[in-house]
Participant: 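Let me give you the structure first, and then I'll get to my questions.
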Amino acid sequence: LVLAIVLSEFSSGRMDAKSLALLGVLTSVGTVLRPLSAGTAGFELIFFLLILAGRVFGPGFGFALGAITLFTSALITSGVGPWLPFQMLSAGFVGLFGGLLPRAGGRAELVLLAGYGMVSAFAYGWVMDFSFWPFAIADGTQLSFDPSLGPLANLHRFVIFNLATSMGWNLGRALTNAALILLLGTPLLHLL
């Protein structure tokens, strides 16, 4: 999927040799940044980079950067497992939607990107939790998925599960995204 997106971007002219090389460089930067933060209390350094690069180079570039960065960093951190495709897709969509945000200028752009950084942090965490939640908890508990219940009852259980297990990491990721975008957004947007 990532290769098809890169080839499509390349053949349509939205990506050239320079931006393809930059995709490799930014992937390397993200790969190095991920083990430095290791997700401790939600402090993750790669997502702000995905958002800013998606903003500058477009949604296809942002998706490819997110997916490839999570893949390569998983190889370095021994994070390869059944969760990796979900992480790759989720991070890819963080970069993709960063490129689809409406255009703004000046301070309004930074506020928009920081707000998106917060929203995308929670969305990433929810998608990742939802990918394993039905299989993670033994049947019969109040937080487990129960196919005999309706969608609303299961959604209620999922929300409680998410609040109890990962809301702190999601909040840390959201605050990290917003702070890094507000602090480094202007120079990085100009640099990119």
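No hydrogens, no waters, no symmetry mates; every other heavy atom, side chains included, goes into these values.
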Participant: Can you tell me how far CG of Leu113 sits from OG1 of Thr186, rounded to the nearest 0.5 angstrom?
Facilitator: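 Here the interatomic distance stands at 9.5 Å.
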Participant: Would you confirm whether Asp146, through its side chain, and Asn154, through its main-chain N or O, come within 3.5 Å as a donor-acceptor pair?
Facilitator: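 No; zero donor-acceptor contacts below 3.5 Å.
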Participant: CG/Leu65 to CD1/Ile51 distance, rounded to the nearest 0.5 angstrom?
Facilitator: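 Here the rounded value is 11.0 Å.
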Participant: Considering non-hydrogen atoms only, spot the tightest contact between Val2 and Ala67 and give its length.
Facilitator: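 Minimum heavy-atom contact is CG2-CB, 3.5 Å.
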Participant: Kindly say whether the aromatic ring centers of Phe97 and Tyr116 come within a distance under 6.0 Å.
Facilitator: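 No, ring centres 6.0 Å or more apart.
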Participant: Verify, without hydrogens or angle tests, whether Ser90 (side chain) and Gln87 (backbone) share a donor-acceptor contact under 3.5 angstrom.
Facilitator: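 Pair absent, no side-chain N/O of Ser90 close to backbone of Gln87.
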Participant: Backbone N or O of Thr165 within a donor-acceptor pair of the Trp169 side chain at under 3.5 Å?
Facilitator: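 Flag not set: sc Trp169 to bb Thr165 has no pair under 3.5 Å.
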Participant: Can a donor-acceptor pair be found, under 3.5 Å and without considering hydrogens, that links the side chain of Arg157 to the backbone of Ser144?
Facilitator: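 Indeed, once roles are kept as given, a pair shorter than 3.5 Å links the two residues.
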Participant: Check Val94 against Ser120 and note the closest heavy-atom contact, atom names and distance.
Facilitator: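 So the two residues come closest at CG1-OG, 4.1 Å.
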Participant: Is it possible for you to say whether Val80 and Met128 belong to one hydrophobic cluster, with membership spreading through side-chain heavy-atom contacts below 4.5 Å?
Facilitator: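 Yes, Val80 connects to Met128 through the hydrophobic network.
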Participant: Run the side chain to side chain contact (heavy atoms under 4.5 Å, CB included) check on Met167 and Phe122 step by step: do they pass?
Facilitator: CA-CA 8 Å; Met167 188 53 66; Phe122 285 103; 3.4 Å; yes
Participant: Please tell me if the side chains of Met88 and Trp83 come closer than 4.5 Å, counting only heavy atoms from C-beta onward.
Facilitator: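 With C-beta onward as the side chain, the pair stays apart.
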Participant: Measure across Met118 and Ala178 and return the closest heavy-atom pair with its distance rounded to 0.1 Å.
Facilitator: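 Looking at all heavy atoms of both residues, the closest pair is CG-CB, 3.7 Å.
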Participant: Are the side chain of Thr176 and the backbone N or O of Gly172 linked by a donor-acceptor pair below 3.5 Å?
Facilitator: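 Yes; at least one donor-acceptor contact below 3.5 Å.
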Participant: When you compare the side chain of Asn177 with that of Glu44, does any pair of heavy atoms fall below 4.5 Å?
Facilitator: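 Sidechains of Asn177 and Glu44: no contact.
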Participant: Linking I/L/V/M/F/W/Y whenever any side-chain heavy atoms sit under 4.5 Å apart, do Leu163 and Val119 land together?
Facilitator: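 In one cluster: no.
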Participant: What verdict does the side chain to side chain contact (heavy atoms under 4.5 Å, CB included) test give for Val56 and Leu52, after you've listed the backbone C-alpha separation in whole Å, the side-chain angles of each residue and the deciding distance to 0.1 Å?
Facilitator: CA-CA 6 Å; Val56 173; Leu52 295 177; 5.6 Å; no
Participant: So, for Arg55 and Leu101, which heavy atoms are closest and what is the spacing to 0.1 Å?
Facilitator: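 Nearest pair, atom of Arg55 first, then Leu101: NH1-O, 3.2 Å.
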Participant: Is the CZ atom of Phe130 crowded by more than 12 outside heavy atoms at less than 6.0 Å?
Facilitator: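 Incorrect, the count does not exceed 12.
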Participant: For a 4.5 angstrom cut-off between non-hydrogen side-chain atoms, does Asn170 reach Asn162?
Facilitator: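 Contact flag for Asn170/Asn162 side chains = yes.
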Participant: Is there side-chain contact between Met15 and Val6, with heavy atoms separated by less than 4.5 Å?
Facilitator: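 With C-beta onward as the side chain, the pair touches.
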Participant: Would a hydrophobic clustering, with Ile, Leu, Val, Met, Phe, Trp and Tyr connected at side-chain separations under 4.5 Å, put Leu184 with Leu33?
Facilitator: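 Yes; tracing contacts between hydrophobic side chains, which count when under 4.5 Å, links both residues.
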Participant: Is there a continuous path of hydrophobic side-chain contacts, each under 4.5 Å between heavy atoms, that joins Ile160 to Leu152?
Facilitator: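 No, separate clusters.
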Participant: Is there a path of hydrophobic side-chain contacts, each under 4.5 Å between heavy atoms of I/L/V/M/F/W/Y residues, joining Leu96 to Leu3?
Facilitator: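 Different clusters.
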Participant: To the nearest 0.5 Å, tell me how far Leu70 CG sits from Thr77 OG1.
Facilitator: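 Here the rounded value is 9.0 Å.
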Participant: Do Leu75 and Thr31 touch side chain to side chain, with heavy atoms closer than 4.5 Å?
Facilitator: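 They are not in side-chain contact.
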Participant: What's the separation between atom CG in Leu180 and atom CG in Leu49, rounded to the nearest 0.5 Å?
Facilitator: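 Here the rounded value is 10.0 Å.
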Participant: Counting distance only, does the side-chain N/O of Thr69 pair as donor-acceptor with the main-chain N or O of Gly66 below 3.5 Å?
Facilitator: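 Here the side-chain-to-backbone pair does not exist.
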Participant: Looking only at heavy atoms, what is the nearest atom pair of Gly60 and Ile5, with distance?
Facilitator: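 So the minimum-distance heavy-atom pair works out to O-CG2, 3.7 Å.
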Participant: Within the supplied structure, the quantity of interest is the number of heavy atoms (other residues, nucleotides, ligands) at a distance under 6.0 Å from Phe86 CZ; does it exceed 12?
Facilitator: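 Open.
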Participant: Passes side chain to side chain contact (heavy atoms under 4.5 Å, CB included), Phe57 versus Leu22? Steps please.
Facilitator: CA-CA 10 Å; Phe57 296 107; Leu22 192 56; 3.0 Å; yes
Participant: Does any part of the side chain of Val25, heavy atoms only, come nearer than 4.5 Å to the side chain of Ser28, both counted from C-beta?
Facilitator: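 No. Closest side-chain heavy atoms not under 4.5 Å.
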Participant: Please find the pair of heavy atoms, one from Leu23 and one from Thr27, that lie closest to each other, and give the distance.
Facilitator: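 Scanning both residues, the minimum pair turns out to be O-OG1, 2.7 Å.
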Participant: To the nearest 0.5 Å, how far apart are CG in Leu189 and CG in Leu110?
Facilitator: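 Spacing of CG (Leu189) from CG (Leu110) equals 6.5 Å.
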Participant: When rounded to the nearest 0.5 angstrom, what distance separates CZ in Phe145 from CG in Leu155?
Facilitator: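 So the gap between those two atoms works out to 11.5 Å.
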Participant: Begin from the C-alpha positions of Leu26 and Phe61 and carry the test side chain to side chain contact (heavy atoms under 4.5 Å, CB included) through to its verdict.
Facilitator: CA-CA 11 Å; Leu26 290 176; Phe61 186 96; 4.0 Å; yes
Participant: Can you check whether Phe93 reaches Val127 side chain to side chain, under 4.5 Å on heavy atoms?
Facilitator: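 No, every pair of side-chain atoms sits at 4.5 Å or beyond.
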Participant: Would a 4.5 Å heavy-atom cut-off, applied to side chains only, mark Phe47 and Arg173 as touching?
Facilitator: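 Touching, per the 4.5 Å side-chain cut-off.
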